[in-house]
Amino acid sequence: MAAALAVVLVVATAAAPAGAGIREDALPAVVPAPAGWADGGERSFRPGRDSRVLAGEESKEEAERLAADLHEVTGLPVPVVVGGAPEPAAGDVVLTGLDGAGSAEGLESAGVPEGYLMEVGAHVEIAASTPAGLFYGGRTLLQLLRAGGGAPYGTVEDRPEAGSRMVVLDVQGGFWPVARIEDLVRRMSWLKLNTLYLRLSGDAALRLRDPAFAEAVPGLGYTRSDIEAVRATARRHHVTVVPEIDVLGDTAALTPSRRCAAEHVPDLADPEVRRRLTAVLDAFTGWFDAPLVGLGRIDACDEPEWLEGAAELAAHVETPDRRPVLRVRDRLPALDGRPVILNEGSPETGAIVRNGQHDVIDAFPAVGSHAGDLLAWTPEVEGFGRALIADTAVFGDPGAAEAVLAGLRAEFAERAWSRLPAAEGFADRVRAVGDAPGVSREEPAARAEHRYTFDAPHVPEGDTHVPAAWRDGLLVTAADGTGGAHATAAADGAPRFPVPGRVGGAARFGGGRWFALGAASKSPPWTVSMWVRSEDRARGVLLGRLDRAIVVDGGEVAVSGAREFSFGHRLPLNRWTHLVLVAEPRGTTLYVNGRRTGRVPEVIDLPTGSMGPFGGALDEVVMSGRALTPAQVAAVYAAVPDPVPDRPAVSGPEPGRPAASDLARGRPVTASGVEAGGLGPEKAVDGDPKTRWASALKVDPQWIRVDLGAPRDITRVVLRWERAYGSRYRIEGSADGVSWTRIHEVADGNGGVDDLKGLSATVRYIRVYGMKRGTKWGYSLKDLAVYGG
């Protein structure tokens, strides 16, 4: 059987075009889709209590791994029989090829070292020339069993179109724990992705710990044992871990000496700088056994002296067994040696770099304003491989980033493994195969509670994210006042904020500027509320993700998914308009200034990949994982008063409160940070003594701010603290939400209730600005009440 399988695979891979033998009406539930599938009838293979995995000595490791995963997927204990294996019986799985006569040579000569052939009948036989091929054949079997409880009879002939199928993960801007990276490796291997490219250094930080470079690691970093643990998991799953130690472009963490392109890159013409960066490479390249090592952007500067220095660094790392990876976005300089080009540029740039002189990996970004469909993307035939740039956002728990990445990674795997056109039912296949065996089950449920007020830039604290990148002006962030998915962009492409908004500050997205969001997408129901000021009629993206978006086209609001549907409402120019979109399973409804305006049948998942670019400004962008009723939409609009005439503030009596109206009750409120969901700043002004706002933990300063709707005469502020209180804080006021004046300061707070009387100020905005915590935790207010004279 082994020799016969080998011959069939040689013929199929050598002669048949990609996709030969596939019947889409009988496509099995496998992701990515197999290169060839021959239906074997109505029956299916189901392992039982007597099932075994049979293998030769050279396949023992793969057999044991498959048996362990079969146990997780089916719940059945599956023993492994190695060596003089008996004849297979019904329910058995046989691994052949590595030690079958002639089969290894045949498969290798066909140029498919990761290819395999699987024949499913009463028992299953998987033939391959390499351990990776056997491993991938096992993934396919496990997916079939996961999807339907049984594997349909038939023959799978499978091999990749791209040799390198890469996920690029940036961990220097936002730290991923080792366990999270190991789970990513398991998920990659489940989809037959074979290369993890870790960006471990940049302007924000170096994430590799060594005493010689301690000053470059201001926060969390990986020890050598951490890297060895990741590599060990990767080896077991046939994933190569490639490090990028940027010595060409983003090196502010390693050397302050800059030149070229507004001093954004290291001065590689300086011998001392080159010696410093060479020492960094020497210290860390030995931690990895990959045949590649990334060095950063080779087109970051075009000065001849700089390029000579870059060539020296590339030559330093190149050996017969290791090649440098050089990123390209705009152009490709003349290069010696054998570098691999990671093309991050446009299709036009791809045509330039694909000149026949270098191996090229074409990258596809997982962020941005791209409104196309990744499943419709057909990679170029030429090229060394494909890459998905997975740094979806620098903020958010890696679990939230994983939720953003999961669907994109599956789509990318489908396109990178084969160049088949998108088949019907892809989403159903993804759901059917489920998650990879062995991953932790602690991922948080996807939430959709986010609020962006754009009142002030956010600078993170702590060592998970390195605040120097923000303080030095490299990154710009608008806080998510309800969740942790802060909106972030590189400084040169960030929207301008705060600018005068409808409520306090706003963000202006003109000139192609946009934010990346770290929020997980969500299927309907959902609601998006925002104030929009349109300044032109060009097409713009309010919220977007790869294949879905809320857009403005010709001034008309529309939802874009498989098709695009306009609500038929055109936004006025240069005037603030309140938009609410409510998505339910059967359609999406648009409300304008509190009133229902239109409904379309298109339903899309909440598009949370990016905000912008858009020819205008946005303010008070709020997302919710529920569908608001018409009355609730009207209340959201009514909560923000018209500039002229002024609507009275929302207020209401409360037992135990003074008879005077609380000017802060129910008003729009924002905060510098939130400890967790359900503890948002709105809880401090909802009148419920059982709820509270809790700031980010263990961080000073923190603040909470209320928009009173119009200038008010303030005479009294009452703070009801939870156990986490401010020992030193200020009450501040502002007319515009940007410039603040001190109204009162407390230097010896002790918690409980602070009733601050005798104040005198006329302001629209009130802010409690905490400078020193009274406990080791944060700041937490059950109630923030404001009274006037």
Side-chain angles (χ1 to χ4, degrees), residues 1-45 93-97 100 103-104 106-121 123-130 132-145 147-148 150-163 165 190-194 238 375 378-379 381 386 410-411 413-426 428-430 432-433:
M1 181 65 177
L5 289 171
V7 171
V8 171
L9 187 54
V10 168
V11 172
T13 55
I22 285 188
R23 286 177 43 197
E24 289 196 12
D25 60 339
L27 189 68
V30 177
V31 181
W37 163 249
D39 197 346
E42 299 297 325
R43 292 182 294 173
S44 62
F45 165 84
V93 179
V94 184
L95 303 185
T96 64
S103 58
L107 286 170
E108 288 287 6
S109 66
V112 285
E114 295 176 303
Y116 65 92
L117 182 70
M118 182 168 71
E119 188 166 304
V120 183
H123 70 277
V124 174
E125 293 208 20
I126 302 173
S129 66
T130 63
L134 292 179
F135 177 80
Y136 290 142
R139 301 301 95 181
T140 295
L141 174 61
L142 292 165
Q143 288 190 5
L144 292 172
L145 296 174
Y153 278 19
T155 302
V156 177
E157 175 267 313
D158 207 5
R159 77 279 184 189
E161 287 292 328
R165 303 173 302 281
W190 186 237
L191 300 172
K192 303 182 177 70
L193 300 174
N194 66 359
H238 296 279
L375 284 177
T378 301
V381 177
R386 311 281 173 257
E411 295 177 18
E414 183 87 347
R415 299 275 62 80
W417 181 263
S418 66
R419 286 180 286 107
L420 297 172
E424 292 293 329
F426 174 74
D428 293 334
R429 281 192 282 134
V430 172
V433 303

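- Atom CH2 of W37 sits about 7.5 Å away from atom CE of M118, to the nearest 0.5 Å.
- Atoms CD and CG, on E411 and L191 in that order, are 11.5 Å from each other to the nearest 0.5 Å.
- Partner of V30 under the side chain to side chain contact (heavy atoms under 4.5 Å, CB included) criterion, chosen from L142, L141, L144: L144.
- When each of E414, E161, R429 is paired with P32, the side chain to side chain contact (heavy atoms under 4.5 Å, CB included) condition holds for E414 and for no other.
- With contacts defined as side-chain heavy-atom distances shorter than 4.5 Å, the pair V31/W190 does not qualify.
- Rounding to the nearest 0.5 Å places CZ of R165 at 4.0 Å from CG of N194.
- The structure places CG of D158 at 5.0 Å from CH2 of W417, a figure rounded to the nearest 0.5 Å.
- For A132, the side-chain contact (heavy atoms from CB on, under 4.5 Å) test picks out E114, T130, Y136, H238, with sequence neighbours left out.
- A29 and A147 make their closest contact through CB-CB, 3.5 Å (heavy atoms, listed as atom of the first residue, atom of the second, distance).
- Nearest heavy-atom pair across T140 and Y116 is OG1-OH, 2.5 Å.
- Here the shortest heavy-atom pairing between P28 and P34 reads CG-CG, 4.2 Å.
- Nearest heavy atom pair, residue A410 against residue V430, reads CB-CG2, 4.0 Å.
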